[in-house]
> 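I have a structure here, written as structure tokens, and I will follow up with some questions on it.
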Protein chains: 2
Amino acid sequence: MAPQLDGYFSQVDALSDHFIDRLAKAVAIPSISSDAARRPDVVRMGEWLAQELKALGASVELRPLGKQPDNPSLDLPPVILARYGSDKAKRTILVYGHYDVQPAEKSDGWATEPFTLTVGDDGRMFGRGSTDDKGPVLGWLNAIEAHQKAGVDFPVNLLMCFEGMEEYGSEGLEELIEQEGKAYFADADAVCISDNYWLGTEKPCLTYGLRGCNYYSVEISGPGADLHSGVFGGTAQEPMTDLVRVLGSLVDTHGKIQIPGIMEQVAPVTAEEESLYDNISFTMDNLHESLGSKTTIFEDKKSTLMGRWRYPSLSVHGIEGAFSAPGAKTVIPAKVIGKFSIRTVPDMEIDKTNEVVAKYVEDVFAKLGSKNTLKVYPQHTGKWWVASPNHWNFRAAGKAVERVWGVQPDFTREGGSIPVTLTFEQATGKNVLLLPMGSSTDGAHSINEKLDKRNYIEGIKLLGAYLHYVAEEEQA
Amino acid sequence: MAPQLDGYFSQVDALSDHFIDRLAKAVAIPSISSDAARRPDVVRMGEWLAQELKALGASVELRPLGKQPDNPSLDLPPVILARYGSDKAKRTILVYGHYDVQPAEKSDGWATEPFTLTVGDDGRMFGRGSTDDKGPVLGWLNAIEAHQKAGVDFPVNLLMCFEGMEEYGSEGLEELIEQEGKAYFADADAVCISDNYWLGTEKPCLTYGLRGCNYYSVEISGPGADLHSGVFGGTAQEPMTDLVRVLGSLVDTHGKIQIPGIMEQVAPVTAEEESLYDNISFTMDNLHESLGSKTTIFEDKKSTLMGRWRYPSLSVHGIEGAFSAPGAKTVIPAKVIGKFSIRTVPDMEIDKTNEVVAKYVEDVFAKLGSKNTLKVYPQHTGKWWVASPNHWNFRAAGKAVERVWGVQPDFTREGGSIPVTLTFEQATGKNVLLLPMGSSTDGAHSINEKLDKRNYIEGIKLLGAYLHYVAEEEQA
């Protein structure tokens with residue numbers, strides 16, 4: 001199958017310096033979407049990307065998204081919509097990525113200049129955006145170029161959607177995807193997103209599930225203004241006293257959620273699923289390394305993977321309105337807002353979850369007998385996503401992995417949410433595949449973000465091979 | 001007794017515009033001690049005060065205190081030490097006050113310019129520092145001047161200690177007082193501090209007790225760095241989960257401290273004390289007004305006053321290291337530091353209290369079965385203070401109140417701490433009296449700080465009358 005890949009692969013190897021140079025050019029543009037002062041760089045990055053696509057023969061549109069809601073004087077960067085090929089005899093694959101990056105300063109602790117791609121002798125290529133998500137985005141462009149230079153026919157029509165606000169809430173993107181689902185994206189047969197990571201460092205994976213996230217605020221207020229604890233301590237009921245009791249009732253040290261009606265919604269483990277975990281390439285050592293400690297809830301791989309992928313978790317993130325600086329301040333805060341979130345899984349429902357959370361928090365608070373005032377409300381909610389790993393889109397990707405890496409991929413889920421996944425699924429009605437390029441040690445949002453040269457170059461081969469296999473794969 | 005007071009009082013009334021003008025000049029100098037950029041204004045204020053004292057015939061020293069520990073390029077403002085009179089036949093009274101103020105900006109919500117004394121038709125004099133503590137400090141100077149102009153012999157030798165860092169931790173003062181206890185202050189027979197407030201708005205009080213304060217940090221850490229709750233929620237034991245459980249175990253909504261060994265140290269209520277509370281001029285309406293709500297622990301005056309003055313209280317102030325901004329962030333904080341403090345009362349001991357707090361927190365944490373790491377330690381501690389309200393220093397002040405205000409004063413304590421009180425008592429070995437000038441609605445650290453003209457002018461009479469009575473009062 002797909003014998004033409006040999007020529008393509010050789011061409012990718014031959015062009016590898018050129019592809020690394022292209023990544024270096026992209027990393028050099030500090031397209032930090034969360035920093036208003038960097039907005040011109042984000043726009044410049046989008047325009048550079050559009051120019052590269054045009055030079056490869058793609059048709060490109062820069063779609064404006066209007067003003068940024070929380071900063072109405074600021075234009076959102078454009079979404080790059082592009083099409084390469086429109087042969088009705090071929091399948092059409094829609095790919096997504098983002099060209100903006102997280103903030104980075106050398107002084108944060110980087111060993112190298114964050115906006116200079118620095119390739120070490122060991123093949124590690126350091127730079128902000130190298131793995132998240134400029135490497136994967138350029139992977140698609142590189143695949144096109146290598147096909148052209150190898151004289152290999154491009155196997156599919158490629159639709160591309162590259163945004164510039166992913167690291168700041170993908171502002172405006174959801175509406176655009178919904179609107180274009182039956183327009184610009186109308187002929188898409190399947191969707192592929194390369195914006196996540198291998199579970200470890202050695203074995204590729206295909207990702208078929210994501211947890212959702214319901215994020216809650218618990219607001220407790222009493223006095224008209226912040227008070228001095230010397231004057232009012234012992235005479236006023238204190239909102240913080242109530243709040244730490246409420247927050248302390250949500251989950252225990254071992255991750256057990258105390259809210260009735262949460263675990264009851266979780267889909268039971270099937271025998272088929274049960275057998276999945278043992279073969280996954282992951283060890284407790286991997287977890288200890290990425291955690292930087294051994295403070296895990298479980299001691300075994302299977303419970304750990306299930307805890308991350310298929311069970312809900314509850315985290316308390318912090319408190320707004322209380323004293324949070326170093327040092328000592330004898331304040332009784334008048335109004336405090338606790339923040340916590342629940343990672344959701346099949347078959348949890350957003351509304352049902354909101355309901356049991358509100359009821360539980362209100363019940364706990366009622367038992368305190370406090371005169372203070374409680375409000376509990378979701379700040380945002382996002383559904384979990386699970387695709388069928390037996391869909392032809394996944395089967396094709398599995399064959400591509402085997403061809404490029406010589407192993408069958410792990411089928412994994414992610415504990416976090418990638419909301420755009422569900423948006424694409426709902427807007428197009430097509431299967432969505434997550435096909436990662438980087439590995440678990442890339443440090444996407446950390447200092448010293450990197451992409452291994454091997455993952456980049458073999459990743460370009462993988463994206464191209466996937467397009468060949470997905471062009472041929474039987475629908476059944 | 002003290003018939004010469006009539007002439008003094010008339011003179012104070014005659015000079016009242018001049019005294020208000022003097023306060024206006026002092027308020028006009030923005031001597032904000034916490035703002036490094038305002039340090040020259042603090043120094044200017046100290047120099048102005050020294051000049052006023054010299055003009056009245058006092059001998060004055062500006063004592064340098066060296067550099068500010070947390071900002072070593074910055075000189076601390078000088079302490080003004082002054083003496084007026086050195087007649088060995090007279091008693092010597094040491095008074096303390098401070099010439100620095102809290103920050104204030106019109107944009108904070110002030111109705112008037114904070115550094116322009118603005119006298120309303122109702123006699124309320126608005127301005128930063130009017131009541132805290134420039135009004136009382138100038139009260140002593142005005143008393144000297146009115147004696148001179150009335151031709152009334154000044155009844156005591158007056159030692160004065162006015163500092164410029166009270167609103168920023170009285171940096172450097174404790175050492176100076178300890179050092180001068182048997183030197184500059186050697187001949188002091190009693191101490192008087194005018195830097196607190198009436199319990200209400202109508203009845204003067206003398207203050208004979210203050211609670212102490214032990215301030216604690218509880219530090220819980222686990223992972224090597226902050227984590228993403230999508231990736232690690234459900235697999236890592238989270239420090240915040242442990243911390244809210246620990247903080248939630250300390251005190252209940254009704255102010256009941258859950259730590260064994262605290263209440264056991266509290267001195268029992270005597271029959272004499274029991275009878276004290278009923279006559280105190282204070283109502284629950286006063287409390288509701290200053291609280292800005294009705295969220296009180298108790299429904300009656302006596303329990304409320306006891307809760308503020310003679311029982312310990314525990315307040316949870318906040319958490320360092322957790323998410324504290326508005327909005328939503330899905331972080332699992334790697335290290336969080338909870339802050340709480342206990343207001344201490346007779347006969348609680350600092351060391352014993354530290355011991356039972358540490359033991360309790362460690363026990364609660366141990367029961368969680370967490371792999372995270374706990375540290376609990378006091379950030380600072382300060383002892384409570386109680387003087388005898390039957391001492392001749394208090395008896396004299398009581399007579400002065402009766403003479404000026406026509407009522408017997410309430411004998412009150414304060415819930416907060418004024419550490420310098422204990423320092424003066426220990427350094428001089430003499431009785432310390434707190435003799436407030438302002439009332440409970442003055443808003444010392446708030447916007448629209450004010451001093452009522454009545455409290456200022458009658459307060460000047462009160463300070464002078466106190467000096468006459470304290471000069472005569474029998475030691476027994």
Side-chain angles (χ1 to χ4, degrees), chain A residues 211 213 215 222-225 228-238 240-242 244-245 247-248 251 253 255 287 291-297 304 307-308 311 313 315-320 322-326 328-332 339 341 343 368-372 379-380 415-417, chain B residues 211 213 215 222-225 228-238 240-242 244-245 247-248 251 253 255 287 291-297 304 307-308 311 313 315-320 322-326 328-332 339 341 343 368-372 379-380 415-417:
Chain A
R211 292 195 292 188
C213 185
Y215 199 106
H228 187 283
S229 69
V231 182
F232 291 98
T235 68
Q237 293 190 345
E238 304 186 13
M240 266 299 271
T241 301
D242 294 345
V244 292
R245 295 206 149 212
L247 295 178
V251 64
T253 297
L287 179 60
L291 202 57
S293 73
K294 296 194 171 179
T295 55
T296 54
I297 292 176
T304 294
R308 176 184 291 192
Y311 283 118
S313 64
S315 297
V316 179
H317 306 296
I319 297 174
E320 181 185 341
F323 175 54
S324 61
K329 188 179 175 188
T330 54
V331 66
I332 298 177
K339 316 274 179 86
S341 68
R343 296 285 163 176
L368 299 180
S370 175
K371 297 174 184 169
N372 291 318
Q379 269 203 53
H380 62 69
S417 59
Chain B
R211 292 195 292 190
C213 185
Y215 200 106
H228 187 283
S229 69
V231 182
F232 291 98
T235 68
Q237 293 190 344
E238 304 185 14
M240 266 298 272
T241 301
D242 294 345
V244 292
R245 296 205 149 214
L247 295 178
V251 63
T253 297
L287 180 59
L291 202 56
S293 73
K294 297 194 168 180
T295 55
T296 54
I297 293 176
T304 294
R308 178 183 291 191
Y311 284 118
S313 63
S315 297
V316 179
H317 306 297
I319 297 173
E320 180 185 342
F323 175 54
S324 61
K329 189 179 174 188
T330 54
V331 66
I332 298 176
K339 316 275 179 85
S341 69
R343 296 284 162 176
L368 299 180
S370 176
K371 296 174 185 171
N372 292 316
Q379 268 203 54
H380 61 71
S417 58

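Letters A, B, ... mirror the listed sequences (proteins, then strands); counts begin at 1. From a predicted model like this one, the values you see are computed outputs, not experimental measurements.
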> Name the region of B:A328, side chain, backbone, both or neither, that has any atom closer than 4.5 Å to a heavy atom of chain A.
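B:A328 touches chain A through backbone and side-chain heavy atoms alike.
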> By a 4.5 Å heavy-atom criterion (distance strictly below it), what part of B:Y311 contacts chain A: side chain, backbone, both, or neither?
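Neither part.
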> Could you pull out the closest heavy-atom pair between B:R211 and A:G230, with the gap in Å?
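Shortest heavy-atom contact: NH2-O, 3.0 Å.
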> Minimum heavy-atom separation for A:S229 and B:S313, please, with both atom names.
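For A:S229 and B:S313, the tightest heavy-atom pair comes out as O-OG, 4.5 Å.
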> What are the two closest heavy atoms between A:T330 and B:C213, and how far apart are they?
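That would be CG2-SG, 4.4 Å.
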> Taking A:P223, A:A225, A:A322, A:S417 one by one, which has the highest count of heavy-atom pairs under 4.5 Å against chain B?
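Option with the top pair count is A:P223.
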> If we ignore hydrogens and angles and just use 3.5 Å, is the side chain of B:K339 paired with the main-chain N or O of A:K329 as donor and acceptor?
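A pair under 3.5 Å: no.
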> Report yes or no: does A:R308 contribute a side-chain atom to a donor-acceptor pair with the main-chain N or O of B:T235 at less than 3.5 Å?
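Flag not set: sc A:R308 to bb B:T235 has no pair under 3.5 Å.
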> Flag the pair A:V316 / B:E238 as yes when at least one side-chain heavy-atom distance between them is below 4.5 Å, and no otherwise.
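Result no, sub-4.5 Å side-chain heavy-atom pair not found.
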> Can you measure from OG1 (B:T295) to CG (A:D242) and round to the nearest 0.5 angstrom?
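Reported value, rounded in 0.5 Å steps: 9.5 Å.
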> Would you mind telling me which of B:N372, B:I297, B:T296 has the largest number of heavy-atom pairs within less than 4.5 Å of chain A?
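Highest number of pairs under 4.5 Å: B:I297.
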> Go through the atoms of B:S341 and report whether side chain, backbone, both or neither lie under 4.5 Å from a heavy atom of chain A.
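Interface part for B:S341: side chain.
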> Spell out, as yes or no, whether a donor-acceptor pair under 3.5 Å connects the side chain of A:H317 to the backbone of B:V331.
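The answer is yes, because a donor-acceptor pair under 3.5 Å joins these two groups.
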> Please name all residues satisfying side-chain hydrogen bond (donor to acceptor under 3.5 Å, both in side chains) with B:S324, sequence neighbours left out, ordered by chain then number.
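Once residues adjacent in sequence are excluded, the partners of B:S324 under the side-chain hydrogen bond (donor to acceptor under 3.5 Å, both in side chains) criterion are A:S324.
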> Between A:Q237 and chain B, with a heavy-atom cut-off of 4.5 Å, which part of the residue counts as in contact: side chain, backbone, both or neither?
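Its backbone and side chain both get close to chain B.
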> Can you tell me which of A:G292, A:S370, A:G248 forms the most heavy-atom pairs within a distance under 4.5 Å of chain B?
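The candidate making the most pairs under 4.5 Å is A:G248.
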> So which heavy atom on A:L291 is nearest to which on B:A236, and how close?
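Result for this residue pair: CD1-CB, 3.7 Å.
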> Who passes salt bridge (charged side-chain N to carboxylate O under 4.0 Å, His left out) against B:K294, sequence neighbours left out?
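With sequence neighbours excluded, B:K294 shows a salt bridge (charged side-chain N to carboxylate O under 4.0 Å, His left out) to no residue whatsoever.
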> Would you mind reporting whether A:L287 and B:F232 have side-chain heavy atoms less than 4.5 Å apart?
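In contact.
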> Among B:G234, B:G222, B:G415, which residue has the highest count of heavy-atom pairs closer than 4.5 Å to chain A?
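Counting heavy-atom pairs under 4.5 Å, the top option is B:G234.
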> Using a cut-off of under 4.5 Å on heavy-atom pairs, state which of B:G224, B:S315, B:G369 scores highest against chain A.
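Highest number of pairs under 4.5 Å: B:S315.
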> Would you check if the side chain of B:R245 reaches a backbone N or O of A:V251 as a donor-acceptor pair within less than 3.5 Å?
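Answer holds: yes.
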> Distance-only, no hydrogens or angles: does the B:R343 side chain make a donor-acceptor pair with backbone N or O of A:G233 under 3.5 Å?
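No: the side chain of B:R343 does not pair with the backbone of A:G233.
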